[in-house]
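First up is the structure itself, then whatever we jot down about it.
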2 protein chains.
Amino acid sequence: MTDVAKRAGVSAMTVSRALKADGAVSDRTRLRILQAVDELGYVLDQTAGTLSSKRSGFVAALIPSLNNSNFSDTARGMERALEQSGLQLLLGATDYVQEKEERLAEAMLRRRPEGIIVTGGEHSPKLRRLLQGAGVPVVETWDLPTDPIEHVVGFSNTGAMRALVQRLYALGYREIGFLGGASPRDSRGRARCRGYKAAVAELGLPADRIVAFGEAPSSMDHGSAAMAQLMAHWPKVDAVVCVSDLVAFGALMECQRRGWAVPGRIALAGFGDFEVARCSHPRLTTVSVDSTGIGMTAGALLWRAIEASRTGTRLAAERHVIPYDIIERETT
Amino acid sequence: MTDVAKRAGVSAMTVSRALKADGAVSDRTRLRILQAVDELGYVLDQTAGTLSSKRSGFVAALIPSLNNSNFSDTARGMERALEQSGLQLLLGATDYVQEKEERLAEAMLRRRPEGIIVTGGEHSPKLRRLLQGAGVPVVETWDLPTDPIEHVVGFSNTGAMRALVQRLYALGYREIGFLGGASPRDSRGRARCRGYKAAVAELGLPADRIVAFGEAPSSMDHGSAAMAQLMAHWPKVDAVVCVSDLVAFGALMECQRRGWAVPGRIALAGFGDFEVARCSHPRLTTVSVDSTGIGMTAGALLWRAIEASRTGTRLAAERHVIPYDIIERETT
DNA sequence: CTGTTAGCGCCTTCAC
DNA sequence: GTGAAGGCGCTAACAG
């Protein structure tokens, strides 16, 4: 910065001002400075700026998986919400591993984010302590924790799956199975499984038609394998709900390979409204969640909270419930 | 850190040492310090550390899209390669937009990464200048640029698509179409389209069976729509290669909706070996690229380059060609 | 094995 | 609209 200052014939302080959008610098001076910046290929050192201004200029977001359109849509939503804020979004993927989530959170906190967004409402005591001690706003997403850390933007996974089973009941299905949801790593998957159990219990349907598999992320292959098991154990099942669309798609393909007509012989429904659910043949019935909206709401909320803390106030904890929608397509 | 030092009855410098794995501190002292750290909930400020040590402890990776299993696998490969290095991987998604790639690169460079990995070998002059001026190792991936910035880990997209068309020819197909690849934003897609054109020209096949669509990322919907167009224009086409598996899957679903038997009436092949290609019914023939391997190789290479630069030397530019594999499945 | 001194590159604050 | 002084929190370098 001193080099740039010399070249432009000003002080370093003036260069610093010229490089901020709001800096009070005359147009002529700024032009000279920007030219010097360009000639020298100078790139501002934000590390030093962070240290002296106590503003790192980024927020951290922890998501379970990059390669999941729900979460990547949420990430894009956050990015969009933060576009005008001057805050960069730094993403970390936890791969559904709690220990990795902790490590990542600590790595992020060492860089002093101005706010943090995490996925889900279940965290290890250590992570909770870490987040609460960070002294920056925290948003939990994709769930409605009963004891939130601070802000929440999400929906009830249990409720959504319960509603899906009730819809299938209304369509006339009476022996409904469930695929997935036993992973100790995926609390949303477990919540959906609980929703299934609650619904079949309320409706007086047989409640044991579950093929639980423990891995997360759940995949198409899981769906195919689980469907094969379900067919073998409970051949009279007339509908199957799945922890995600990927699982439902795998189940659909398995049905096609075995000549089980969908929805004639068996109905299928997924969760998440992934692209493959929209494009498959037949198209999959699913629960659509506004993933992008979760991200935009969470990002905007975090921004407001950060702005508030900059003026010395603290935004009161907010709780945003995002609606979901059951989309009936061709598999029910 | 001073607070921790006081509580542990040592100097700040000793705390600093105790917090690095390698710091020469007696076990008793370290234990006292770690206890004080725990009691105070202290988290090291890496920003300040970066400033004084001139080592930011992270590398930046720019990928076109998070929600693409090829690129997210590559990201995971990089993460795995860097696991033991103490370098954190910071990901940025460019959404296939050059301008966003530039902005992201600059945002990363302001935080002084110790190395940079970018996707593809075509960059704006500005980005090239930025990367070359950064003074840190650079790796380009997923392509084999003729004029690389420095290191390269990739393969020839043109060559791979050419090989796929040749394989279809060997299988007896004589009127081969192509879907996708016209996006000015996706240089890999364009390279694959060039590979198709080169192959059909060499083989003396009709060369105009192309439904080019310009959007990136290419999607299943694009595949369905493009397939419908292709069917209308060139009903005698007997095989179709696609810029990606997602497009191929969309095309497959369109064929099923219209009752065109695959591969009986028309053969299909994709690119990338996505999960949906493995799990669809019928399973898709595709070009499998070792996405994770690209990431691991790039990450390991970058690490070596960074280690070299720490000892004052500069690693000579390397070029790693990653093999690809044509996987014949049920759609050809 | 531990402490002291100095400074990383910028921005806050105050002065003009 | 511009400049000078000082310090952000840590670590390199050197001393003991």
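Proteins come first, then strands; the chains are lettered A, B, ... in the order of their sequence lines, and each starts at number 1. Only this structure's heavy atoms are used, side chains among them; waters, hydrogens and symmetry mates stay out.
Close to C/dC10, at under 4.0 Å from its OP1 or OP2, lies a side-chain N or O of A/Tyr42. OP1 or OP2 of D/dT2 has at least one side-chain nitrogen or oxygen of A/Ser26 nearer than 4.0 Å. Applying the 4.0 Å criterion to OP1 and OP2 of D/dT11, one finds that B/Ser16 has a side-chain N or O inside that range.
Contact check on B/Glu114 versus B/Arg310 returns a salt bridge, with a Lys/Arg side-chain nitrogen under 4.0 Å from an Asp/Glu carboxylate oxygen. Ion pairing between A/Asp147 and A/Arg128 holds under the 4.0 Å rule for side-chain N and carboxylate O.
The distance from atom NZ of A/Lys54 to atom C1' of D/dC10 is 12 Å, rounded to the nearest whole Å. If you take CG of B/Leu19 and P of D/dG9, they are 16 Å apart, rounded to a whole angstrom. Taking atom CD1 of A/Ile33 as the reference point, atom C1' of D/dG1 lies 11 Å away to the nearest angstrom. Atom CZ of B/Arg310 and atom C1' of D/dA12 are 15 Å apart (whole Å). We find that CG of B/Asp3 is positioned 12 Å from C1' of D/dG9, with the value rounded to whole Å. Atoms CG (B/Leu51) and C1' (D/dC8) sit 9 Å apart, rounded to a whole Å.
Out of D/dG9, D/dT11, D/dA13, the shortest distance to the side chain of B/Lys20 is found at D/dT11. Candidate nucleotides C/dC11, D/dT11, C/dT2 were compared by shortest atom distance to the side chain of A/Met1, and C/dC11 ranks first. Nearest to the side-chain atoms of A/Ser52 among the listed nucleotides C/dC10, C/dT2, D/dT11 stands C/dC10. Considering only side-chain atoms of B/Val25, the nucleotide from D/dC10, C/dT2, D/dT2 that sits closest is C/dT2. Considering only side-chain atoms of A/Val10, the nucleotide from D/dG9, D/dG3, D/dT2 that sits closest is D/dG3. When distances are taken from the side chain of A/Met13 to each of C/dT2, C/dT13, D/dT11, the shortest belongs to C/dT13. Closest approach to the B/Thr14 side chain among D/dC10, C/dT2, D/dT11 is made by C/dT2 (side chain taken as heavy atoms from C-beta onward).
To the nearest 0.5 Å, atoms CE (A/Met13) and CE (A/Met1) are separated by 7.5 Å. In this structure, CZ in A/Arg110 is found 9.0 Å from CG in B/Leu19, a value given to the nearest 0.5 Å.
Side-chain to base pairing of A/Arg17 with D/dG3: one donor and one acceptor N or O lie within less than 3.5 Å of each other.
Along DNA chain C, the nucleotide nearest A/Arg55 and the nucleotide nearest A/Thr47 are compared for position; the residue whose nucleotide lies closer to the 5' end is A/Thr47.
Backbone-only engagement by A/Thr29 is indicated by non-hydrogen atom pairs under 4.0 Å involving sugar-phosphate atoms exclusively.
B/Ser124 pairs with exactly one of B/Gln98, B/Glu99, B/Glu102, B/Arg129 by the side chain to side chain donor-acceptor pair (under 3.5 Å) rule, that one being B/Glu102.
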